[in-house]
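Just below is one structure, and these are the notes that go with it.
Labels below follow one simple rule: chain letters A, B, ... track the order of the sequence lines, proteins then strands, and each chain is numbered from 1. Worth saying up front: this structure is predicted, and the values here are computed from it rather than measured.
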Amino acid sequence: MTLAAIAAILPSQTVVEIFLINALLAYSAYPALSSGSSSFTFVAFVAFGAYTAAIANVDHGIGLVPAVLIACAVSALGGAALHYPLKRLSGIYLGLVSIAVVATVQSILVNFYSLTGGPAGRAGMTDYVGAWQLLAALVFVAAVFMVIQRRHTGLAIRAVRADPAGAATNGVHVERLYLKLAVASAVLAAFAGVMRAYYFGFVVPDDYGFPLLVAVVSMVVIGGTTHWTGPLIGAAVMTMVPEWLRPLGNWRDVIRGVILLVVVWWMPQGITGAIGRVRGRWVARRSLAVAPAEPARIAAPSAVRP
Amino acid sequence: VLLLQQLVNGVIVGGAYALCATGLSITLGVAKVLNVAHGITLTIAAIAGAEFARRYDLGTIAFLAVGALAGACIGAALELLAYRPIRSSRRHDRHTFDSATLVSGMAMLLILSGGLRLFLNRKGAHDIVSFPSSGVTKHRLSAGSISVPLIGVVILVTAAVLVGATWWLVERTQWGRACRAMALDHEAARMIGINVDLMSALLLALSGAMAGVAGGLVGLAYRAVDGTTGDQYLLLGFAVVVLGGIGSVPGAFIGALLVGLVQGLTAYWLGSQWVQLVAFVFLFAMLVVRPHGLLGTAPIDRA
């Protein structure tokens with residue numbers, strides 16, 4: 001009985017693999033979202049990476065590593081190029097236009113039959129990646145974000161998120177930081193796209209449009225955009241929960257929406273943000289008990305995240 | 001002649017885009033939310049109208065009214081569930097408001113489209129809701145060698161009347177004055193006694209009602225609506241909003257007719273599958289040349 005219950009909760013290998021891909025995708029959305037910008041252009045680069053991988057493999061027999069290098073290099077340039085027309089937009093207008101970018105790319109994928117295979121996409125890739133390659137890729141990406149968060153750049157990102165003008169006054173080169181984040185996002189997205197294509201063995205345009213955008217953004221938001229573990233936690237939650245809800249069939253989308261809504265209501269900084277706040281409060285209270293002499297200085301960290 | 005016919009078709013489609021995009025534009029400009037659930041509102045309202053019309057044997061006008069009512073209810077629900085909790089939450093501030101409303105809009109989109117799929121699956125195997133034909137849908141008016149379906153004229157007239165009425169509301173009434181104040185600054189509007197929450201709810205309901213009418217008319221014109229009908233209207237609505245200028249009602253109308261014409265010309269020269277791509281190319285060009293749109297005003301810089 002208990003064993004059966006545990007077995008039902010434990011993910012199968014496929015679910016773990018899907019989680020790894022989702023986490024890679026979530027990390028590609030993270031640079032933009034963690035700096036407080038609502039740019040969703042990463043989906044365009046995910047599509048680019050996936051199609052590059054598929055076309056290179058099917059038509060030219062090019063393997064995984066060259067595909068990653070080509071896709072990431074081109075996406076770095078593409079990310080920088082796309083950054084310039086978009087940089088004067090912010091907030092909700094940036095969101096609108098970046099959704100339009102994603103729709104444009106999808107419409108290109110649908111229309112250029114000869115290269116992209118049109119609505120049917122491309123299939124017949126000869127190489128695949130398994131769980132171990134995906135895990136290695138994810139560990140690498142997560143480690144990079146962990147290091148960044150602890151270094152000066154991470155501090156600059158948090159400052160820009162809180163207040164771009166204030167960050168600039170304190171010596172953060174805001175323009176250059178946004179450019180770096182745009183390039184990082186594009187490169188990671190292309191990488192995630194290549195891995196996704198290599199995992200599934202085919203690409204179809206419907207997988208690279210607005211639904212993917214909503215799915216990945218909801219992972220990052222649920223996980224939290226203020227801590228490097230956010231995308232991991234969000235991807236885990238949004239991969240596992242729908243899996244547990246599989247018996248409910250079509251109710252899954254509704255429940256995903258409800259979870260997302262509840263998180264945005266009560267945990268604007270996602271799960272990691274909520275954990276950080278609770279921990280900050282707890283640390284503050286304990287410190288107060290030890291050293292009541294300096295309440296103001298000790299209580300302050302509870303307002304910012306650790 | 002075929003070109004002229006395509007242009008006429010384009011203008012008619014443009015009318016439907018105008019109905020859809022005006023709501024998108026004023027919610028974005030005044031309530032400051034990008035309503036990504038606008039497309040699904042259109043779809044659900046159209047399907048609700050069709051279901052009611054079938055069940056109670058309603059005429060065209062009543063059918064559109066049901067659609068408008070359904071759209072208004074969904075719009076108000078969006079405000080209450082997705083946007084107001086964020087506007088009034090002390091956990092969100094101006095910097096996180098934009099991305100948070102986008103995400104909660106996406107959450108509502110998931111809920112609504114999931115709910116719609118549940119409803120359609122319960123109904124039967126197919127996802128397409130067909131619309132009853134009536135006198136309006138069968139008639140065609142012909143002038144010379146081009147012919148226009150009567151429903152096309154109805155769409156265009158309805159769009160002109162409703163968008164005109166919205167323009168009048170926004171530009172000529174006290175309510176509209178409050179809207180324009182909100183477009184500038186929510187905090188300042190609140191300080192001079194404008195009920196920002198109530199205004200936003202009314203705006204979302206108005207925008208939803210217009211989407212509902214648009215959905216009903218589109219359903220009548222094409223005789224069928226499926227779960228993804230609204231998506232194209234949402235995406236091309238974005239193009240219209242950027243073309244016309246955010247928050248500008250006449251801009252949305254002109255932008256929608258332009259997008260409709262572009263659609264007609266694209267369908268004539270390239271084929272209809274290229275429409276979206278061409279419309280977005282226009283959007284990006286517009287963004288580079290004149291980022292605040294044809295009739296929009298440059299935003300006030302608040303550092």
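No side-chain heavy atom of V214(A) sits under 4.5 Å from any side-chain heavy atom of V36(B). Two residues are said to be in side-chain contact when any heavy atoms from C-beta on lie closer than 4.5 Å; Q276(B) and N111(A) fail this criterion.
Atom CE of M106(B) is separated from atom CG of L260(A) by 8.5 Å, given to the nearest 0.5 angstrom. With rounding to the nearest 0.5 angstrom, the CG atom of D253(A) is 11.0 Å from the CG atom of L116(B).
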- Task: Take Y93(A) and D98(B), measure what side chain to side chain contact (heavy atoms under 4.5 Å, CB included) needs, and give me the verdict at the end.
- Result: CA-CA 9 Å; Y93(A) 310 115; D98(B) 287 347; over 6 Å; no

- List the steps, then state whether side chain to side chain contact (heavy atoms under 4.5 Å, CB included) holds for L277(B) with T104(A). CA-CA 6 Å; L277(B) 194 55; T104(A) 309; 3.4 Å; yes

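Looking at L112(B), neither its backbone nor its side chain comes within 4.5 Å of chain A, counting heavy atoms on both sides. Neither the backbone nor the side chain of S218(A) comes within less than 4.5 Å of any heavy atom in chain B. With a 4.5 Å cut-off on non-hydrogen atoms, V103(B) touches chain A through its backbone and its side chain both. Both the backbone and the side chain of V101(A) come within less than 4.5 Å of a heavy atom of chain B. Both the backbone and the side chain of V258(A) come within less than 4.5 Å of a heavy atom of chain B. For L235(B), the part sitting under 4.5 Å from any heavy atom of chain A is the side chain, from C-beta outward, and nothing else.
Residues L261(A) and A82(B) approach most closely at CD1-CA, 4.2 Å, considering heavy atoms. Between K32(B) and I92(A), the shortest heavy-atom contact is O-CD1, 3.4 Å. V254(A) and G114(B) make their closest contact through CG2-C, 3.7 Å (heavy atoms, listed as atom of the first residue, atom of the second, distance).
Of all the listed residues (L28(B), V275(B), V242(B), I86(B)), the one sharing the greatest number of non-hydrogen pairs under 4.5 Å with chain A is L28(B). Contact tally against chain B (heavy-atom pairs below 4.5 Å) for F210(A), Y84(A), W265(A): the top residue is W265(A). Contact count against chain A (heavy-atom pairs under 4.5 Å) is highest for L81(B) among L81(B), L102(B), T101(B), V241(B). Of the residues considered (A100(A), A103(A), S107(A), S38(A)), A100(A) shows the highest number of contacts with chain B, using heavy-atom pairs under 4.5 Å.
When atom types are taken as modelled, the side chain of W251(A) and the backbone of L118(B) share no donor-acceptor pair closer than 3.5 angstrom.
Of the listed residues (F238(B), F280(B), F284(B)), just one forms a side chain to side chain contact (heavy atoms under 4.5 Å, CB included) with V97(A), and that residue is F284(B).
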